[in-house]
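Just below is one structure, and these are the notes that go with it.
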Number of protein chains: 2
Amino acid sequence: MDKSKFDVLRLENQLCFPLYACAKEVVRKYRPFLDELDLTYTQYIVMMVLWEDKSCSVKGLGKRLFLDSGTLTPVLKSLEKKGFVNRARSKKDERVLEVEITSKGEALKAEAVSVPERLAGCINLEPEEAAELYRLLYKALGVVKE
Amino acid sequence: MDKSKFDVLRLENQLCFPLYACAKEVVRKYRPFLDELDLTYTQYIVMMVLWEDKSCSVKGLGKRLFLDSGTLTPVLKSLEKKGFVNRARSKKDERVLEVEITSKGEALKAEAVSVPERLAGCINLEPEEAAELYRLLYKALGVVKE
DNA sequence: TCAAATTAGATTGTGTTCAATTTAATTATA
DNA sequence: TATAATTAAATTGAACACAATCTAATTTGA
């Protein structure tokens with residue numbers, strides 16, 4: 001028994017480290033699939049919101065994706081350059097920038113539909129484990145589901 | 001019932017997204033604690049390895065931390081500048097760069113020891129939930145524990 | 001042996017990520 | 001109603017993160 005007060009600082013006793021490492025590894029696994037769509041992971045999650053909602057403010061995207069304007073502004077400009085979204089100030093409130101999906105962006109959805117399943121094949125978890133992981137992550141995020 | 005083949009693309013049906021978001025949020029929560037130590041999160045996990053092992057090659061750090069030399073080189077140069085580590089080529093193999101903790105780096109360990117507990121207080125999980133999350137993350141990472 | 005292959009780090013380039021600041025628009029209030 | 005406070009994005013600056021490439025050292029094997 002060689003326990004010390006410093007044991008809490010051992011990498012293997014940290015919860016945060018596997019969280020950090022796993023998130024990075026999973027994003028890395030997306031790369032080959034997303035390359036086919038000419039999307040980065042950040043661009044992909046923005047598109048997921050817009051595939052669902054057609055249009056959203058930068059503020060709304062940020063709240064949904066846990067990202068701020070410093071991250072989103074260049075991502076949205078890049079998506080605009082590729083023709084997947086349009087950006088325009090709201091008529092009702094000029095401060096608000098509305099991001100709207102284009103028909104080209106809509107068309108990308110059909111290509112993207114196989115990505116989740118292909119990625120799931122790269123993750124070595126049983127369905128019940130994946131469901132439990134999902135629940136715990138949302139709880140840790142402080143988001144109440146249901 | 002409005003199910004479609006596109007449901008898999010809904011953000012709320014993704015396992016990867018809460019993983020990505022949660023990891024970012026937790027790293028963000030470390031910031032105020034690590035600021036006191038003049039460390040970033042990446043520098044902190046490097047120091048955790050060195051508090052345990054005193055010295056390690058860049059390659060070894062990369063394997064342990066899931067990081068490559070493109071990330072580690074500037075991090076290690078920064079830690080060296082702060083006086084927490086020394087960097088020197090191995091005598092046995094000049095290709096290898098050995099990173100060694102300094103006495104100043106060792107001294108930092110005493111200050112860091114309160115960080116894990118203070119951070120745990122910011123995460124809203126029961127101990128058994130944290131343990132299960134830990135297990136699932138390492139399984140997803142493909143690292144076999146025990 | 002000695003040229004080819006491999007390996008370890010460093011460098012470069014692209015793309016985040018976030019804190020802090022700035023600018024412009026809107027809302028609140030004295 | 002002016003002025004102050006607030007809000008939404010954009011910008012700036014520092015620090016990752018990783019793929020691809022480069023350089024130097026070591027190891028292989030013809």
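Because the structure is a prediction, the values reported are computed rather than measured. So you know, we letter chains A, B, ... as the sequences are listed, proteins then strands, and number each from 1.
The side chain of B:R28 places an N or O atom within less than 4.0 Å of a non-bridging phosphate oxygen (OP1 or OP2) of C:dA19. For the OP1/OP2 pair of C:dA8 and a distance below 4.0 Å, the side-chain nitrogens and oxygens of B:R87 include no atom meeting the criterion. Here B:T40 does not reach the OP1 or OP2 of D:dA14: none of its side-chain N or O atoms lies under 4.0 Å away. The side chain of B:K77 places an N or O atom within less than 4.0 Å of a non-bridging phosphate oxygen (OP1 or OP2) of C:dT11. In this model, the phosphate group of D:dC16 is not approached by any side-chain N or O of A:Y20 to a distance below 4.0 Å at OP1 or OP2. Neither OP1 nor OP2 of C:dG15 sits under 4.0 Å from any side-chain N or O of A:T42. Residue A:K24 places at least one side-chain N or O closer than 4.0 Å to OP1 or OP2 of D:dC18.
Going from atom CD1 of A:I45 over to atom CG of A:L34 covers 10.5 Å, rounded to the nearest 0.5 Å.
Per the geometry, NZ belonging to A:K59 stands 20 Å off P belonging to C:dA24, to the nearest Å. A straight line from NZ of A:K81 to P of C:dT14 spans 11 Å, rounded to a whole angstrom. In this structure, B:R95 atom CZ and D:dT27 atom C1' are separated by 7 Å, rounded to whole Å. In this entry the distance linking CD of A:E94 with P of D:dA10 reads 13 Å, nearest Å. Rounding to whole angstrom units, CG of residue B:L76 and P of D:dA17 are separated by 13 Å. Atom pair A:R89:CZ and D:dA8:P shows a separation of 12 Å (rounding to whole Å applied). Rounded to an integer number of Å, the gap from CZ of A:R31 to C1' of D:dC18 is 6 Å. Per the geometry, CG belonging to A:L97 stands 10 Å off C1' belonging to D:dA10, to the nearest Å.
Between B:K91 and A:L72, the one whose closest nucleotide on DNA chain D sits nearer the 5' end is A:L72.
Side-chain contact between A:Y44 and B:L9: present, with at least one pair of heavy atoms (C-beta onward) separated by less than 4.5 Å. Here the side chains of A:L65 and A:T42 are not in contact, with every heavy-atom distance at 4.5 Å or above.
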I'd like to know whether B:K54 forms a salt bridge (charged side-chain N to carboxylate O under 4.0 Å, His left out) with B:E98, so could you lay out the CA-CA distance, the side-chain angles of the two residues, the decisive distance to 0.1 Å, and finally the verdict. CA-CA 10 Å; B:K54 311 289 189 210; B:E98 286 289 343; over 6 Å; no
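Between the side chain of A:D53 and the main chain of A:S55, no donor-acceptor pair closer than 3.5 Å is present. Counting only distance, with no hydrogens or angles, the side chain of B:W51 and the backbone of B:G105 share a donor-acceptor pair below 3.5 Å.
Within 4.0 Å (heavy atoms only), A:S78 reaches no atom of the nucleic acid at all. Residue A:V75 is classed as a sugar-phosphate contact, given heavy-atom separations below 4.0 Å to backbone atoms only. Within 4.0 Å of B:T71, counting heavy atoms only, lies at least one base atom of the nucleic acid.
Aromatic ring pairs are classed by plane angle as parallel below 30°, tilted from 30° to 60° and perpendicular above 60°; the pair A:Y30 and A:Y41 is tilted.
DNA chain D is contacted by A:S69, A:G70 of residues 61-70 of chain A, taking any non-hydrogen atom closer than 4.0 Å.
Residues satisfying the ring-ring contact (aromatic ring centres under 6.0 Å, His included) test with B:F66, not counting sequence neighbours, are none.
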